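Report on the structure given below.
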Amino acid sequence: MRPWEKNIRQVVPYVPGEQPNQIGMIKLNTNENPYPPAPAVTQAWEELAAENLRLYPDPACQELTQALAEHYQVNPDEVFVGVGSDDVLAMAFLTFFNSGKPILFPDITYSFYDVWADVFRIPYECQPLDENFRIVKEDYKKPNGGVVFPNPNAPTGILQSLSEMEEIVKWNQDVIVIIDEAYIDFGGQSALELIHRYDNVLVVQTFSKSRSMAGMRIGYAFGNRQLIKYLNDVKYSFNSYTMNQPALHLGAAALKDEAYFQETCGKIIATRERVKEELAALGFTFGDSKANFLFVTHEKIAARALYEALKIKKIYVRYFNKPRIDNYLRITIGTDAEMDALLAFLKEYVKEN
Ligand code: PMP
């Protein structure tokens, strides 16, 4: 080991899903939306002028925070924005989790939480989900340095009720509770209303899933104005210009098209419910996902082998080689045609194996 190596901030990095780019592939591995962004986004895209890139973007991101505030009926100073919800969550970990006590999150959850905790040297303790992959809320009723979980959870898709969320927030009023709602628009009830009743809750959402804009990297959070101020203080101390000018403009445009948003979310939900029935008929089992993916297992089929077999056919799904979930696959809901191609393959595979 070289002497300087002992001073390195070493981390085991988060591993994002593959981003293959093959002709004819069916990409169901990173929970992207199969439908294009709203027509208002295409129009705003065409109006962008390269000459505007000469100037720095607005560090306060007002065009987007104003649009979000109007859309969600909150004050602009109750909104924080970032480069995808990953950036928002990372800033929130850095800002709020400094007590030295362990933060709490589920054992099966978004696999970035432990990575941020490690990179920021935040101690953490994982709380096991029950056998149905549900959060045991009482596990969050003990001294801790903060709480974070997705609702619906990922990669399980399981939604907890708003009253359960509220109980966890209520029991933890001495710390910040972050509710990561990356998938809330596919059938869940947001905890947004809690920000007006509790000053310790931060609700995080994203344009990557329900608004079909993963490539633009836009995330946001709602919270009490004091929390948002603390988040901005840390953001300005790190990088004042996190959001680029096109992202601010296109994000604001996306919010104008409520009808398109409802229609595409509705299509994904309808496809999800149909695919649930078809997968059940093939012997797959899964929880009642309220997200844009299903987390499935099969008594007679090894998930890893199926993942590899699908990949050969250029159908990409996500496999996690982790305790408790190493015989599961997470399958993003694509278009009806994509899901039909997947189901046709699975029908044959189940027959032969
Ligand atoms: N939270 C959860 C639970 C996720 O699954 C994802 C997607 N990887 C994110 C946050 C981050 O998404 P983005 O940075 O694209 O907003």
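The first residue in the sequence is number 1, and the count goes up from there. Whatever order the structure lists ligands and atoms in, that order sets their numbers, starting from 1. In this text, all values refer to a predicted model and were calculated from it rather than measured experimentally.
- Of the polar atoms of Tyr183, at least one N or O is found under 3.5 Å from an N or O of ligand 1, judged by distance alone.
- Taking the six-membered ring where the residue is Trp, the centroids of Tyr14 and Phe112 are separated by under 6.0 Å.
- A distance below 6.0 Å separates the ring centres of Tyr72 and Phe222.
- Here is the list of ligand 1 atoms found below 4.0 Å of a heavy atom in Lys209: 7 (C), 8 (N).
- Two residues are said to be in side-chain contact when any heavy atoms from C-beta on lie closer than 4.5 Å; Asn224 and Ile195 fail this criterion.
- A salt bridge does not link Glu338 to Lys27: none of the charged side-chain nitrogens sits closer than 4.0 Å to a carboxylate oxygen.
- Atom-to-atom distance recorded for Ile158:CD1 and Leu129:CG is 9.0 Å, nearest 0.5 angstrom.
- Under a 4.0 Å criterion applied to the non-hydrogen atoms of Thr206, ligand 1 contributes the atoms 13 (P), 16 (O).
- Atoms of ligand 1 found under 4.0 Å from any heavy atom of Arg217 (numbered from 1 in listed order, with element): 13 (P), 14 (O), 15 (O).
- Scanning all protein heavy atoms for the shortest distance to atom 11 (C) of ligand 1 gives Asp86 OD1, 3.1 Å.
- If you look at Asp180 next to ligand 1, the close heavy atoms, those under 4.0 Å, all belong to the side chain.
- Atoms of ligand 1 found under 4.0 Å from any heavy atom of Gly84 (numbered from 1 in listed order, with element): 14 (O), 16 (O).
- In this structure, the protein non-hydrogen atom closest to atom 8 (N) of ligand 1 is Tyr110 OH, 3.1 Å.
- In this view, Ala92 and Phe96, Ile178, Leu202, Leu231 satisfy the side chain to side chain contact (heavy atoms under 4.5 Å, CB included) rule, not counting sequence neighbours.
- Through direct or relayed side-chain contacts under 4.5 Å between Ile, Leu, Val, Met, Phe, Trp and Tyr, Tyr56 connects to Tyr241.
- The part of Ser208 lying near ligand 1 is the side chain, judged by heavy-atom distances below 4.0 Å.
- From the protein, the heavy atom lying nearest to atom 12 (O) of ligand 1 is Ser85 OG, 3.3 Å.
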